[in-house]
Protein chains: 2
Amino acid sequence: MENDAGHEIAEALGVLLKRTTRARLYQGLTDGLGEGVDELTYPVLSGLARSGPRSAAELAPEIGLDRSGVTRRATRLEEAGLVRREPDPDDARASLLVLTSRGEETVDVLRERLAGHINAALSDWEPQEVAVFARQLREFVMRGPFRAADEDDGTR
Amino acid sequence: MENDAGHEIAEALGVLLKRTTRARLYQGLTDGLGEGVDELTYPVLSGLARSGPRSAAELAPEIGLDRSGVTRRATRLEEAGLVRREPDPDDARASLLVLTSRGEETVDVLRERLAGHINAALSDWEPQEVAVFARQLREFVMRGPFRAADEDDGTR
DNA sequence: ACCACAGCGTGCGCCGCGCACGCAAATCTG
DNA sequence: CAGATTTGCGTGCGCGGCGCACGCTGTGGT
């Protein structure tokens, strides 16, 4: 069945995921950004930048990890000075993860690098083609079949 | 920068990768297919189905793993009766990984399930929209910024 | 005031991976 | 043809990340 788009998408995703498993996001994406930040800690940074200060437990399902995993990664970022732990003003036992100024700078750099690599790879596409693809991919990811089991619908 | 497609794609990929890290491909994708097959061994099956019998070392860069990792996964599949090791007729020290009939059936089932889930998720898209997206995604994966460091160009 | 409960961080065990070693076969060299 | 080097495979070892379960502290209800 050659013209079955589902198979084609599945195949492409398979290759993509295998690659990103190893060369996680991009070779040397986090070079020169200090010790704490790597492919593992980046999702924490990105999540915090997207949603503002949050607790580790609240961040966990979004990253697809246990709370303990987020705690460890956040600790690494804390030691690197990119994340700060603040007591939740509403709940003294909860501690909020907050990006420091250096953390915000770092995530900005990472985002810029990522977008740059992607735009460069798509430089020979038609601009409207790229725009369409971006919207479709976003839609596919949001409504597609890859939703985690215990994930809220993103409306916050 | 709202209309920068690079950022939008990067964001979507980030969410996708985080999700697929945990709920690897699809919840319950490998249910009822026996003990040996899971999200880890699937790439081996898929790779063998795509390229025919190959050695573990030859398969490794495509999966993004060390040879030893492929060996272990293949061993698991072998124990489950989905993969058979055959001595390479041209080289007695090399052993080729070959899908058994059950292995082929299994990978067919998996492919069908994956394509089914994807098509279902995209059921409210225009058919030509889906086709365009599939081609673009394939193009993006093949020529995009996520190539592994030591990977051939796919032309075989 | 007491008591179940919620939230966090951490020790423990598991699992997968990369590295390096040993063995067997092939290829090279004289 | 014989010895030496290279190639390819599988496996033992150590490392690192993860999930689970525990203990501790604070919260809310009765």
Side-chain angles (χ1 to χ4, degrees), chain A residues 17-25 27 30 35-44 48 53-80 83-98 148-151, chain B residues 17-25 27 30 35-44 48 53-80 83-98 148-151:
Chain A
L17 295 182
K18 288 164 200 163
R19 284 187 187 155
T20 51
T21 298
R22 190 91 308 272
R24 292 282 175 137
L25 281 177
Q27 186 93 9
T30 61
E35 280 297 323
V37 52
D38 57 7
E39 321 83 20
L40 289 182
T41 52
Y42 173 62
V44 178
L48 289 177
R54 302 177 73 179
S55 75
E58 207 172 357
L59 208 52
E62 184 176 329
I63 299 181
L65 239 63
D66 192 61
R67 299 189 314 274
S68 62
V70 180
T71 294
R72 294 180 215 280
R73 297 189 183 188
T75 301
R76 219 178 299 179
L77 289 171
E78 190 182 18
E79 291 169 353
V83 159
R84 183 178 67 245
R85 286 179 201 267
E86 273 187 12
D88 189 329
D90 300 339
D91 191 336
R93 46 197 176 155
S95 70
L96 263 48
L97 301 174
V98 189
D150 51 350
E151 186 176 1
Chain B
L17 295 182
K18 288 163 199 163
R19 284 185 189 158
T20 51
T21 298
R22 191 91 305 273
R24 291 282 174 136
L25 281 176
Q27 186 91 10
T30 61
E35 280 297 322
V37 52
D38 56 7
E39 321 83 20
L40 289 182
T41 52
Y42 173 62
V44 178
L48 289 177
R54 302 177 73 180
S55 75
E58 207 173 357
L59 208 53
E62 184 175 329
I63 300 181
L65 239 64
D66 192 62
R67 299 189 311 276
S68 62
V70 179
T71 294
R72 294 179 215 280
R73 296 189 183 187
T75 301
R76 219 178 298 179
L77 289 170
E78 192 182 17
E79 291 169 351
V83 159
R84 182 178 68 246
R85 287 179 202 265
E86 273 188 11
D88 188 328
D90 299 338
D91 191 336
R93 50 200 173 150
S95 70
L96 263 49
L97 302 174
V98 190
D150 52 349
E151 186 176 1

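Just so you know, these numbers come straight off a predicted model, no measurement behind them. The figures here come from the full heavy-atom set of this structure, side chains too, leaving out hydrogens, waters and symmetry mates.
- Whole-Å rounding puts the B/Ile63 CD1 to C/dG16 C1' distance at 14 Å.
- The side chain of A/Asp91 lies closest to D/dT27 when the candidates are D/dC20, D/dT27, C/dG16.
- Here A/Leu40 contributes atom CG and A/Ile63 contributes atom CD1; the two are 10.5 Å apart, rounded to the nearest 0.5 Å.
- OP1 or OP2 of C/dG9 sits under 4.0 Å from a side-chain N or O of A/Thr71.
- With rounding to whole Å, A/Leu77 atom CG is found 12 Å from D/dG17 atom P.
- Residue B/Leu65 contributes atom CG, which lies 11 Å from atom P of C/dC19 at whole-angstrom precision.
- Side-chain proximity of A/Leu40 to D/dG17, C/dA25, D/dG10: nearest is D/dG17.
- Residue contacts for A/Ser68: at a heavy-atom cut-off of 4.0 Å it reaches a base atom on one of the strands shown.
- Taking each heavy atom of B/Pro61 and B/Ala57 in turn, the nearest pair found is CD-O, 3.3 Å.
- In terms of position along DNA chain C, the nucleotide closest to A/Arg93 lies nearer the 5' end than the nucleotide closest to the other residue of the pair A/Arg93 and A/Arg67.
- In this structure, B/Ser55 reaches the D/dC9 phosphate: one of its side-chain N or O atoms is under 4.0 Å from OP1 or OP2.
- Rounded to a whole Å, the CG atom of A/Leu59 is 15 Å from the P atom of C/dG7.
- With hydrogens and angles ignored, no donor-acceptor pair closer than 3.5 Å exists between the side chain of B/Arg76 and the base of C/dG16.
- Going from atom CD of B/Glu79 over to atom P of D/dG10 covers 13 Å, rounded to whole Å.
- In terms of modelled atom types and a separation under 3.5 Å, the side chain of A/Thr41 and the main chain of A/Leu77 share no donor-acceptor contact.
- Comparing B/Arg85 and A/Arg72 by the nucleotide of DNA chain D whose heavy atom lies nearest to each, the residue mapping closer to the 5' end is B/Arg85.
- The distance between atom CG of B/Leu97 and atom C1' of D/dG8, rounded to the nearest whole Å, is 13 Å.
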Going through the checks in order, is the side chain to side chain contact (heavy atoms under 4.5 Å, CB included) test met by A/Thr75 and A/Arg85?
CA-CA 9 Å; A/Thr75 301; A/Arg85 286 179 201 267; 2.7 Å; yes
Before giving the answer on side chain to side chain contact (heavy atoms under 4.5 Å, CB included), spell out for A/Arg76 and A/Val44 the whole-Å C-alpha distance, their side-chain angles and the decisive distance to 0.1 Å.
CA-CA 11 Å; A/Arg76 219 178 299 179; A/Val44 178; over 6 Å; no
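- D/dG17 atom C1' lies 21 Å from atom OH of A/Tyr42, rounded to whole Å.
- With rounding to whole Å, A/Asp66 atom CG is found 12 Å from C/dT10 atom C1'.
- The listed nucleotides are C/dG18, D/dT27, C/dC8; the one nearest the side chain of A/Ala94 is C/dC8.
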